[in-house]
Amino acid sequence: MLGKKNGIMCGMETVENEIERISRDDDRSSHSISTGILPSLGAHSNRRIKLRPFIISPFDPHYRVWETFLIILVFYTSWVSPFEFGFLDKPKGPLSIMDNVVNGFFAIDIVLTFFVAYLDKATYLLIDNPSQIAWRYAKTWLVFDVISTIPSELARNFLPRPLESYGYFNMLRLWRLRRVSAMFQRLEKDKNYNYFWVRVAKLICVTLFAVHCAACVFYLIANRHKNPKETWIGLSMQNFHQESLWTVYVTSMYWSITTLSTTGYGDLHPVNTQEMLFDIFYMLFNLGLTSYIIGNMTNLVVHGTSRTRKFRDSIQAASSFAKRNQLPHRLLDQMLAHLCLRYRTDSEGLQQQETLDALPKAIRSSISHFLFYSLVDKVYLFHGISNDLLFQLVSEMKPEYFPPREDVILQNEAPSDLYILVTGAMDLISYRNGIEQVVGELKTGDVCGEVGVLCYRPQLFTVRTKRLSQLLRLNRTTFLNIVQANVGGGTMIMNNLLQHLKDHKDPVMQTILTDTEHMLAKGRMDVPLSLCFAAERGDDLLMHNLLRRSLDPNEFDSNGRTALHLAASKGRFECVLLLLDYGADPNRKDSEGNVPLWDAILGKHESVIKLLTDNGATLSSGDVGQFACFAVEQCNIDLLKEIIKYGGDITLLNSMGTTALHTAICEENVEIVKFLMEQGADIDKPDVHGWTPRALADYQGHENIKALFQTKQESNNKKTDHKSKSVIPDVQDAPYLKKYSSEPTLPPLNPEYTLQNGPSRRRTSNFQNSLFGIISAAKKPNEEGRGVFPSPLGLATPQNRARVVLSCPVRGDAAKNLVLLPDSLQELLDLGYQKFGFHPTKILTKDGALIEDLAVIRDGDHLVLATDDGQQSEEYR
């Protein structure tokens, strides 16, 4: 079965022609062409994607080749049928054989037509039902096609005697000319062929066919006349029956052409009544045919020259206008240059704006994005704005061409558009004392007119092209409408403009900057502004105006930073005071966990720090662990002291799961490590990967830090011994479970041990240390919903929690629970309170030994909850 193809209906092309073209271009597609045909309005399409078996698509390229071949045979038929009708009395060998071969091909086409789907003109659906195809063909062209295919030799045996002439039946084959008419209709609408030459070819074919048919009929009248000498050809050829076919055919064509062209030399003319009657009708036909040909040719010529005529008229009108109004010669030159450029672009097919305007908005936006997005993205005015806002702006920009030495913007004219230079170059011209002065030059990617549009003031300079230039024009109203829906983007655009003005040392630009800032403070700008913009600039007057308009004092930018963050970081005391007065939250965190107080501390703005703390700002509302890690990374002990001064705990984990002590060890800063230990930093507190500071120092080989930890450990051991004896005086022989420095420790690299919660917890299997085990463990969450984190050694450290028996003798010997060991002793004490409603202060083993380190607890241990006042079971008393 022949493949099915896609088609698309578009523009002024008919459905059939356009689908044919798309089918030819998309030869590799396997979908039905019916998917490209429009359904009726409001109706759901029930079209099939694929045609039925053994059904041929009328738009299949192979079937189109077959139709083209048949059209060539039609041209043969259109010549030979009138010729045989007029000049032959009986079949000739070569012509008879050729006629029957041609008839055979058309007989094959009749059979093939029963398997070709057709397009329903009412519903625009492709009908592939065999019965419907057959019924439609039977009602239309089947009879004519069959009759025109019957061989003439066979037909003569069945026709009446008056119609037995060889040529009468052949004339029925001219029915096939409908295929040629359909072919020319398709070619006229096909963009791959020149319309002018298609029309000319059609007119030539019509003329030649009319001349040929008239010559054949006119000779037939003379040949059948009873007296050959009383005929138009008998006057010049008395024995024309003995003349060759070529001679009489050329003579007939000569008469037909001279008569059609109304030249008529008088040498050949009708003689008898029959010839005169035919000549009358032929001349009447010639009147219509000649009018049709002349009208078509005139229309084609006028169409081809109308653009030039309109251009000449516009040039003449512009010249007359300039002369009548006595315009300067420079203005006339600009007018004529613009008209010439427009004519040139039109004649070269560069009607860009007309083409874009005829397309849907989505296609126009995609084209503009492809052509100009990368250029507009580099314009200083749009630095930092979102891609969405930039895409909207690019979609509304219109490309325009300007010839050399043409004014694009005039100085002091009202701001209506801004322009971006795509190609070419332009001069900035200022008029001072009536003299033109070039003050600058614009190149590709530069923008002009933005000051007038954004600040709503007369244009500063005259902008004139130096050579042929292409520009993107953006209307002020459209621009402001888009920006007003994107407050953050408008703020960035305004910031870019002010910074651009500030970078210019020209006094004019500085004056504009001052005026613009004054207008901003008064709130008289059309560009929407935010509190963050006012805070960034430290403009308390603008901020006051914005706050009075009921703007949210906790408004934040794209980074989650509020106006209070920005004002505090820059030390804008008045802005901070205004924001706090209008209810701004002094403890609001940004996306990185920073609070306004921390920004003020980093900037060393003492007055702002005091103002914030007086209004309830605290560091504990932010990520204090991150603040401490930042101070350690900066090797700034004074900053750590500032954090402590304002209530921050520098021993906490940050959002990344590490502490300042871990960071100090990595930085090998002994001084800060010592300071952190003095502030109570726990050397056995693990990070999110299970590394304790002590294990990390040992792994990285920092001997000085290890010595500090050793001294700290020995000091803690002495205090613990004294405390243990005072807490449990009656138990003399019970072991005291404490990790002394003299006890052997397992090396961190031993794969039998995990680094989570200390080095002494054994893994259940070596499988976790394999490559597959690491990958599997990285995706497996633990009991608390956390995944396994890789250690600094690159080994997997699954949290294989120990199971322990927790009992409370105060509640009786039966008060026991089997629980999973938490991450710290305090959590274990809290768990005891949740289970038994009892507030323990310490944890003992079943033998009465005090536990001060979670690492000594193993799977299956029996733990006892107790208090410092001696509440425990009688077993321990």
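Computed from heavy atoms alone, side chains included, the values below leave out hydrogens, waters and symmetry copies.
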Sequence neighbours excluded, the answer for ring-ring contact (aromatic ring centres under 6.0 Å, His included) partners of His605 is none
Test salt bridge (Lys or Arg N to Asp or Glu O under 4.0 Å) on Glu450 and Arg476; report intermediate values, then the result. CA-CA 9 Å; Glu450 75 281 12; Arg476 180 179 187 273; over 6 Å; no
Would you find a donor on one side and an acceptor on the other, under 3.5 Å apart, between the side chain of His565 and the backbone of Asn594? yes
When you compare the side chain of Met397 with that of Ile420, does any pair of heavy atoms fall below 4.5 Å? yes
Of all the heavy-atom pairs spanning Phe372 and Pro399, show the shortest one and how long it is. CZ-CB, 4.0 Å
For Thr477, all residues meeting side chain to side chain donor-acceptor pair (under 3.5 Å), sequence neighbours excluded: none
Heavy-atom count check: over 12 atoms from other residues, nucleotides or ligands less than 6.0 Å from Met297 CE? yes
Closest heavy-atom contact between Ala322 and Leu332? CB-CD1, 3.6 Å
Assess whether a salt bridge exists between Glu436 and Arg464, defined as any Lys/Arg side-chain N lying under 4.0 Å from an Asp/Glu carboxylate O. yes
Listed partners of Phe184 passing ring-ring contact (aromatic ring centres under 6.0 Å, His included), at least two apart: none
Count the heavy atoms belonging to other residues, nucleotides or ligands that lie under 6.0 Å from CD of Glu592, then report whether that count exceeds 12. no
Between Asp585 and Asn587 (side chain of the first, backbone of the second, donor and acceptor by atom type, cut-off under 3.5 Å), is there such a pair? yes
Going from CG on Asp377 to CZ on Phe391, what distance comes out if it is rounded to the nearest 0.5 angstrom? 13.5 Å
Are side-chain heavy atoms of Leu187 and Tyr195 found at a separation under 4.5 Å? no
Going by the rule side-chain contact (heavy atoms from CB on, under 4.5 Å), which residues pair with Leu602 if we only count those two or more places apart in sequence or in a different chain? Trp598, Phe630, Leu639
For Arg561 and Ser569, work out which heavy atoms get closest and say how close. NH2-OG, 3.8 Å
Exercise: identify the closest heavy-atom pair between Leu421 and Ser469: CD1-CB, 4.0 Å
Does the pair Asn412 and Tyr431 meet the rule for a side chain to side chain contact (heavy atoms under 4.5 Å, CB included), with working shown? CA-CA 10 Å; Asn412 295 324; Tyr431 289 91; over 6 Å; no
Distance in Å, Leu579 CG paired with Asn615 CG, rounded so as to fall on 0.5 Å steps: 11.5 Å
Give a yes or no answer on whether the side chain of Asn636 reaches the backbone of Ala631 with a donor-acceptor pair at less than 3.5 Å. no
Working to the nearest 0.5 angstrom, can you tell me the gap between Ile429 CD1 and Gln411 CD? 9.5 Å
Scan side-chain atoms only and decide if Ser366 and His369 contain a donor-acceptor pair under the 3.5 Å cut-off. no
Name all residues meeting the side chain to side chain donor-acceptor pair (under 3.5 Å) criterion together with Thr465; count only those two or more places apart in sequence or in a different chain, and write none if there are none. none
Considering all heavy atoms of both residues, which atom of Pro596 and which atom of Pro586 are nearest to each other, and what is their separation? CD-O, 3.3 Å
Does the side chain of Tyr419 reach to within under 4.5 Å of the side chain of Val447, using non-hydrogen atoms? no
Can you list everything that forms a ring-ring contact (aromatic ring centres under 6.0 Å, His included) with Tyr380? Sequence neighbours excluded, please. His500
When rounded to the nearest 0.5 Å, the distance separating OG of Ser386 from CE of Met492 is 8.0 Å
Taking the side chain as C-beta and beyond, is there a heavy-atom pair between Glu396 and Ile482 under 4.5 Å? yes
On a heavy-atom basis, the closest approach of Cys448 and Leu442 is CB-CD1, 3.5 Å
Val595 side chain reached by Arg588 side chain, heavy atoms, under 4.5 Å: no
Test item: Asp427 side-chain N/O and Lys466 main-chain N/O as donor-acceptor pair under 3.5 Å: no
With heavy-atom distances below 4.5 Å as the criterion, would you say the side chains of Phe382 and Asn496 are in contact? no
Spatial distance of atom CZ (Arg467) from atom CZ (Phe402) [nearest 0.5 Å]: 15.5 Å
CD on Gln392 to OG1 on Thr478, rounded to 0.5 Å: 12.0 Å
